[in-house]
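Naming convention: chains lettered A, B, ... in sequence-line order (proteins, then strands); numbering from 1 in each chain. Atoms considered below: every heavy atom in the structure, side chains included; atoms not considered: hydrogens, waters and symmetry mates.
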Protein chains: 2
Amino acid sequence: MLAFERREKILSTLYSDKKVFVAPLASTFNVTEETIRRDLEKLEREGVVTRNYGGATLNERTSEDLPYQTRNTINLEEKRIIAQFLPPLIKDGSSIMADTSSTVYEALQVLQQSKDHLTIITNSVSILQDFAFSSFDVFSTGGSLRKNSRSLVGPSAIRSVQQYNVDAAVVSCKGISMTQGIMDTNEPEADLKQYMQNQARRVILLVDHTKFGAVSLVKTFPFEQVDCLLTNKKPAEEWLDFFGQHEIDVIFPS
Amino acid sequence: MLAFERREKILSTLYSDKKVFVAPLASTFNVTEETIRRDLEKLEREGVVTRNYGGATLNERTSEDLPYQTRNTINLEEKRIIAQFLPPLIKDGSSIMADTSSTVYEALQVLQQSKDHLTIITNSVSILQDFAFSSFDVFSTGGSLRKNSRSLVGPSAIRSVQQYNVDAAVVSCKGISMTQGIMDTNEPEADLKQYMQNQARRVILLVDHTKFGAVSLVKTFPFEQVDCLLTNKKPAEEWLDFFGQHEIDVIFPS
DNA sequence: CATGTATGCTCGCTTTTGAACGAAGAGAAA
DNA sequence: TTTCTCTTCGTTCAAAAGCGAGCATACATG
């Protein structure tokens, strides 16, 4: 039995019972209580459980969130660098649209700390979940829950997006190419993004350096629509020229 | 029985009875009265109860606006008992509407294990989150994220609900009374529930025993609309008569 | 080889619990 | 009202259970 295997089993017990105890776990897995405690400690650091004397209870709010969270920690540093550039571009009290991407998610976390009030319209379930107890006004687009993601898409989401006119759309993508434009991996989200862009006065695109030149399945909207691009490394000269031609403000760490 | 577990159970008794006594608690948990006193002391420090001679009473104010996660673990056993009754009432492949309540949430968890395919329309963020990786089709109503809850409400959610016609509405409430009807603590959710009920061929109401006779702020829909009621304890004879008059099928543990 | 991770073990510290006893509250009787 | 009695509370002490830090070992990984 490997460590992560054990933790997975602990998690599954947690999901069904909402709580676990140190001593029984230790004996079922044939490890010392120390090990179990360390497991629970780890789970607590990840925000999944709260420990109490003799065991731990599940944190409802992140109940099924583990896969997302791990995915979210990939390139987290890059995403945070990008996120730092967003607050100066957003005025307190303004309204924004946010798509379902971990980059945008990180950026909103930073906004939450630096702004008093914002109105957020989003199709991301993760954002809904995280802002349930914030002071921001949050609107969900509704729509169909896309399989294996926390994204709401489809005609209903599109209709919903069209109801709002916002100051800025904060979106990400899977790849940008000078010839192919801005691309995403799946049709429904790419589609929705296009409508988001359409309802916003300004379009702010968040792209980390790995997206430059990456080609992906489906085009979203053209570069002409982008007002501002945030990234985590200085792009190559030809990209800077390209952005200049399209009148896109590029922001990157100096 | 560990300390935190005992305190949870005390809380759960508090939520259903509004008050507890030291001596009976001590004997049910097989601990000394001192221990119970210390538990109550702790709960008092947390602002949940006020102690008085011989026991403690629940602080009314906090009972309504409980954070979701505490509310969710309270009376979990009762909720699971109710949840068990739902699968036989729902045919595989059918479509249902689900509100934002921990009882309905538990019931859907059970459905997830016993059905191959369902279409769920919900205003609950928690359900969206939990079914992101399931085989069910899930639609979000969208709408405004209600403060300090994981519930989507408002005109946009209502419009959205009206787009769908489903086989069953699975809903809960905060209180039922023969004279006042079915009640909830807040207007927006009560409102939405009414529309949900309206779009469903059958209305299934999930109520634990603490809700019987409990009066709450705002009425939702009348008993005439309810087709089936699931609860965790056999209701009193007058309630059974009452349900009979309204042609409501009542299901409870035998 | 060095490095990092996982695990077990020990020891001192904290939390929890029960027992004991005096103090305080409730209710009845004067 | 005052007094008396019984119950309930709070405090203190000690024992037991649980915990965290630090160290050592084992094993994989680079």
Check salt bridge (Lys or Arg N to Asp or Glu O under 4.0 Å) between A:Glu41 and all other residues, then give those that pass, not counting sequence neighbours.
-> A:Arg45

Of the residues in residues 31-41 of chain A, which ones touch DNA chain D at a heavy-atom distance under 4.0 Å?
-> A:Glu34, A:Arg37, A:Arg38

By side chain to side chain contact (heavy atoms under 4.5 Å, CB included), which residues pair with B:Lys233, not counting sequence neighbours?
-> B:His209

Who are the side chain to side chain contact (heavy atoms under 4.5 Å, CB included) partners of B:Asp137, not counting sequence neighbours?
-> A:Lys147, B:His117, B:Thr119, B:Phe139

Mind checking ring-ring contact (aromatic ring centres under 6.0 Å, His included) for A:Phe136 and listing every partner two or more places apart, or none if nothing turns up?
-> A:Phe131

For B:Phe212, what residues pass the ring-ring contact (aromatic ring centres under 6.0 Å, His included) criterion, not counting sequence neighbours?
-> B:Trp239

Donor-acceptor contacts, no H, no angles, side chain residues 1-12 of chain A, under 3.5 Å, sequence neighbours left out:
{"residue": "A:Glu5", "atom": "OE1", "partner": "A:Leu2", "partner atom": "N", "Å": "2.9"}
{"residue": "A:Arg6", "atom": "NE", "partner": "A:Asp39", "partner atom": "OD2", "Å": "2.6"}
{"residue": "A:Arg6", "atom": "NH2", "partner": "A:Asp39", "partner atom": "OD1", "Å": "3.2"}
{"residue": "A:Arg6", "atom": "NH2", "partner": "A:Asp39", "partner atom": "OD2", "Å": "3.1"}
{"residue": "A:Arg7", "atom": "NH1", "partner": "A:Asp39", "partner atom": "OD1", "Å": "2.9"}
{"residue": "A:Ser12", "atom": "OG", "partner": "A:Lys9", "partner atom": "O", "Å": "3.3"}

Could you state the atom-to-atom distance from CZ of B:Arg51 to C1' of C:dA24 in whole Å?
-> 13 Å

What's the CZ-C1' distance between B:Arg45 and C:dT15, to the nearest Å?
-> 12 Å

Can you list the residues that meet the side-chain hydrogen bond (donor to acceptor under 3.5 Å, both in side chains) rule with [X], with sequence neighbours excluded?
{"X": "B:Ser135", "answer": "none"}
{"X": "B:Gln109", "answer": "B:Tyr105, B:Asp130"}
{"X": "B:Arg38", "answer": "none"}

Starting from the first five and the last five pairs of the helix from C:dC1-D:dG30 to C:dA30-D:dT1, work out the angle between the resulting helix axes, to 10 degrees.
-> 40°

Start and end of the DNA chain D segment that chain A contacts, any atom under 4.0 Å from a heavy atom = D:dA17 to D:dG22

Pair A:Arg37 + A:Glu33: basic N to acidic O under 4.0 Å | yes

